[in-house]
Amino acid sequence: MAALLWLLIPLFAAVGAAIWASWTARDRTSGDVAELAGYSRFREAMEKSHSGSDAA
């Protein structure tokens with residue numbers, strides 16, 4: 001029985017490595033679109049001229 005336990009440890013390690021590898025290889029491009037759109041809006045807002053008095 002002890003030998004079976006020692007064989008299960010590498011099996012669990014392999015399953016954990018497979019889960020970790022699939023997690024790190026996931027597709028994360030969907031967040032980039034929203035992030036780039038927000039950055040574009042930020043740049044447009046910063047490029048607008050201010051219509052208030054110049055507070056030094």
Side-chain angles (χ1 to χ4, degrees):
M1 191 68 173
L4 181 61
L5 180 65
W6 280 105
L7 290 175
L8 288 177
I9 293 172
L11 177 67
F12 286 137
V15 169
I19 291 170
W20 178 80
S22 66
W23 178 259
T24 57
R26 69 190 187 279
D27 185 21
R28 292 178 273 175
T29 58
S30 62
D32 291 342
V33 174
E35 202 169 312
L36 289 174
Y39 178 67
S40 177
R41 287 192 307 269
F42 170 76
R43 285 185 51 197
E44 289 172 3
M46 294 305 287
E47 288 174 356
K48 289 181 182 178
S49 63
H50 297 286
S51 61
S53 64
D54 195 20

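- With sequence neighbours excluded, the residues forming a side chain to side chain contact (heavy atoms under 4.5 Å, CB included) with Arg43 are Tyr39, Glu47, listed by chain and number.
- Applying the 4.5 Å side-chain rule to ILVMFWY residues, one finds Leu11, Phe12 in the same cluster as Leu8.
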May I have the list of side-chain donor-acceptor pairs in residues 14-26 shorter than 3.5 Å, sequence neighbours left out?
residue	atom	partner	partner atom	Å
Ser22	OG	Ala18	O	3.3
Ser22	OG	Ile19	O	2.8
Thr24	OG1	Trp20	O	3.2
Thr24	OG1	Ala21	O	3.1
Arg26	NH1	Trp23	O	2.6

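- Taking Ile, Leu, Val, Met, Phe, Trp and Tyr as members and joining any whose side-chain heavy atoms lie under 4.5 Å apart, directly or through other members, Leu5 forms no hydrophobic cluster with any other residue.
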